[in-house]
Peer 1: 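Before I ask anything, here is the structure I am working with.
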Amino acid sequence: MDAARHNPLKWIPTLYLAQGLPYFAIALVFGQMMKSMNMSNAEISHWLAFLGGAWIFKPLWSPFLELASSKKLVVVSLQLFGGVGLGLVALALQFPFWLSASIGVLFLVSIASATHDISCDGLYIASLNKKAQAQYAGWTGTFFNAGRFLAQGGLLMLAGYLEKTQGVTAAWTVIFGILGLTMCALGTYNLWALPLSPNARMDDHTVGGVARTLVEVIADYFRKPGILISILFIILFRAGEAQVQTIGPLFLREAREAGGLGLSTAEVGAVYGTSGTIAFIIGSIAGGYFTSWLSLRRAILFLILAMNLPNLVFYFLSHSLPTDLTTIGVALSVEMFGYGFGFVGVILYMMQVVAPGKYTTAHYAFSTGVMQGGFVLFRWISGDIQMALGYKNFFLWVLVAAIPVTILSQFIPMESRERSGADAVPEAA
């Protein structure tokens, strides 16, 4: 194998872009489409939470992926499957029952994307030592969330233009067609670029053997010292962010008389796709290097505070209701810098504190499932809370929701008590 071809910077960007794109197609693009279809915030938040459920339960089938010959095979296959599925949403929009058809297809895409995440992260962990994991953590976050900005930036701008010239249905047909083709292109590139990352040969390489391993993996996870407080920390880490990421984009498009900023689809895309993109990339890379330099234990408070900058930004916007796009763009740039900088914290906490041990990859998958469970919980209730409180009081509520994890971070260990294991990643020399 050509070592230069597998330089991390040649495959980490496309690997994590392919991880993020279908997730944000479901979490953001589909939400914006439903807003254009005049659905309520409560309906939108409920459907988005339902589709996000696949990321909660993915650990239950994660050990079965070890039956494949390599993580690369699983990753590429699911990227191509996701591309076809997103393309089918464009077809579903042509029918009167577009909502149920779209939900059905996106449910399958969400399962494929959640399953892809397991092998994607496993490939990353298996291919890099601990120092490199921290060094490139900012890059993983950057390109995972590049899927967000491709979706919420350029594609929303295009959708806004097409809504005016071609109509709502035609606009979103084009958008989901582009998403499908992009995923297929990424899968094709990654077939060439990714390291093979063969799976270790299991003692009992059968479905029954894997099922028994799953039981042991779950039991071992809950035997970890302090696991319950770690689970609580992971759930609370994104309590405010989950609600802001759901309601914030809807607030931007809400009519001003209803308490929103009254932006068009294209204006939301323009703001997020320009200064917001640059700010997020800088924040994500800086967060990774900052934590690598300072250590997770000393950096965690700064990461949590940065993670909750978006809550403060939307609180400001909901009270000032600016009309100038420059002011809005600067505010959302602060939001995205904070989000990018802080997101590294929960990723490294799961990767370096919770996951290490005999089943590092599987336990990391379990931890991301726990994280998504918290995210879905707070996403599900966000629409109902917003409709009950109004936008101003809702964004005050999400500021309060960030307090528990900030306090908890000062009392829980930030170093793993398990440093060895069959699939643990060695320290850098």
Side-chain angles (χ1 to χ4, degrees), residues 6-21 23-24 117 120-150 193-195 233-234 237-238 241 245 275-310 333-356 360-361 364-365 367-368 371-372 375 405-406 409 414-416 424-429:
H6 298 306
N7 181 301
L9 291 181
K10 289 188 177 179
W11 55 265
I12 288 175
T14 54
L15 176 64
Y16 279 88
L17 177 58
Q19 185 187 64
L21 192 59
Y23 177 81
F24 290 116
D117 288 1
C120 170
D121 293 328
L123 188 150
Y124 179 84
I125 293 171
S127 301
L128 301 172
N129 62 32
K130 184 180 175 183
K131 182 174 179 62
Q133 287 173 19
Q135 181 179 354
Y136 291 110
W139 291 93
T140 68
T142 296
F143 285 94
F144 173 80
N145 285 282
R148 170 195 178 113
F149 293 110
L150 176 60
L194 292 179
F233 178 77
I234 293 168
F237 196 97
R238 302 181 72 186
E241 178 241 340
Q245 295 302 317
S275 58
T277 301
I278 296 170
F280 181 83
I281 291 173
I282 294 172
S284 293
I285 295 175
Y289 283 105
F290 176 79
T291 308
S292 177
W293 166 66
L294 199 60
S295 84
L296 182 61
R297 179 180 60 82
R298 289 184 290 173
I300 192 65
L301 179 61
F302 299 101
L303 297 172
I304 290 173
L305 293 176
M307 188 72 170
N308 289 285
L309 269 179
S333 295
V334 174
E335 172 211 357
M336 298 320 300
F337 176 86
Y339 176 58
F341 193 95
F343 191 72
V344 171
V346 69
I347 295 299
L348 289 178
Y349 180 80
M350 294 185 297
M351 189 176 291
Q352 297 185 357
V353 178
V354 182
T360 299
T361 300
Y364 181 74
S367 299
T368 59
M371 178 183 70
Q372 183 66 12
F375 188 89
V405 72
T406 306
S409 70
M414 287 292 154
E415 296 85 17
S416 173
V425 178
E427 297 278 0

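The figures that follow rest on heavy atoms only: side chains count, while hydrogens, waters and symmetry mates do not. Residues: numbered from 1 along the sequence shown.
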Peer 1: What are the two closest non-hydrogen atoms of Val344 and Gly288, and how far apart are they?
Peer 2: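 Heavy atoms only, the tightest pair is CG2-N, 3.8 Å.
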Peer 1: Rounded to the nearest 0.5 Å, what's the gap from CE on Met351 to OH on Tyr364? Could you check?
Peer 2: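 Met351 atom CE to Tyr364 atom OH measures 4.0 Å (nearest 0.5 Å).
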Peer 1: How far does OG of Ser333 sit from CG of Leu309, to the nearest 0.5 angstrom?
Peer 2: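 It is 12.0 Å, given to the nearest 0.5 Å.
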Peer 1: Parallel, tilted or perpendicular for Phe343 and Tyr339, by the 30°/60° rule?
Peer 2: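 Rings of Phe343 and Tyr339: tilted, as their planes differ by 30° to 60°.
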Peer 1: For Phe233 and Val346, what are the C-alpha separation, side-chain angles and deciding distance, and is it a side chain to side chain contact (heavy atoms under 4.5 Å, CB included)?
Peer 2: CA-CA 9 Å; Phe233 178 77; Val346 69; 5.7 Å; no
Peer 1: What is the minimum heavy-atom distance between Met414 and Val353, and which atoms define it?
Peer 2: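 That would be O-CG2, 3.3 Å.
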Peer 1: Verify side chain to side chain contact (heavy atoms under 4.5 Å, CB included) between Ile12 and Phe143, making sure each step is shown before the conclusion.
Peer 2: CA-CA 8 Å; Ile12 288 175; Phe143 285 94; 5.5 Å; no
Peer 1: Of all heavy-atom pairs between Ile234 and Ser367, which one has the smallest distance, and what is that distance?
Peer 2: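 Smallest interatomic distance, heavy atoms only, reads CG2-O, 3.9 Å.
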Peer 1: Run Phe375 and Phe237 through side chain to side chain contact (heavy atoms under 4.5 Å, CB included) and show every step you take.
Peer 2: CA-CA 9 Å; Phe375 188 89; Phe237 196 97; over 6 Å; no
Peer 1: Hey, what do you get for CZ (Phe341) to OG1 (Thr291), rounding to the nearest 0.5 Å?
Peer 2: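 So the CZ of Phe341 and the OG1 of Thr291 are separated by 6.0 Å.
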Peer 1: How far apart are the closest heavy atoms of Ala299 and Phe290, and which atoms are they?
Peer 2: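 For Ala299 and Phe290, the tightest heavy-atom pair comes out as CB-CE2, 3.6 Å.
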Peer 1: Gln19 vs Asp121, test: side chain to side chain contact (heavy atoms under 4.5 Å, CB included). Steps then yes/no.
Peer 2: CA-CA 9 Å; Gln19 185 187 64; Asp121 293 328; 3.4 Å; yes
Peer 1: Find out whether Ile285 and Trp139 are in side-chain contact, i.e. whether some heavy atom of one side chain is under 4.5 Å from a heavy atom of the other.
Peer 2: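 A side-chain contact exists here, since the closest heavy-atom pair is under 4.5 Å.
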Peer 1: Assess whether atom CZ of Phe302 is packed by more than 12 heavy atoms of other residues, nucleotides or ligands within 6.0 Å.
Peer 2: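 Open: at most 12 neighbouring heavy atoms sit under 6.0 Å from CZ of Phe302.
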Peer 1: Assess the residue pair Tyr16 and Tyr124 against the criterion (ring pair (Phe, Tyr, Trp, His ring centres under 6.0 Å)); give the C-alpha distance rounded to whole Å, side-chain angles, the decisive distance to 0.1 Å, and a yes or no.
Peer 2: CA-CA 10 Å; Tyr16 279 88; Tyr124 179 84; 5.7 Å; yes
Peer 1: For a quick test of reading the model, state the closest non-hydrogen atom pair linking Val405 to Ile304 and the distance between them.
Peer 2: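 The answer is O-CD1, 3.8 Å.
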Peer 1: What are the two closest heavy atoms between Arg297 and Ile300, and how far apart are they?
Peer 2: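 Closest approach of Arg297 to Ile300, heavy atoms only: O-CG2, 3.5 Å.
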Peer 1: Could you give the distance from CD1 (Ile347) to CE (Met371), rounded to the nearest 0.5 Å?
Peer 2: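 Going from CD1 on Ile347 over to CE on Met371, the span is 5.0 Å.
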Peer 1: To the nearest 0.5 Å, tell me how far Ile282 CD1 sits from Phe337 CZ.
Peer 2: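 Atom-to-atom, Ile282:CD1 and Phe337:CZ are 7.5 Å apart.
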Peer 1: Once rounded to the nearest 0.5 Å, what's the spacing between atom CG of Leu128 and atom CG of Leu123?
Peer 2: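 Going from CG on Leu128 over to CG on Leu123, the span is 8.5 Å.
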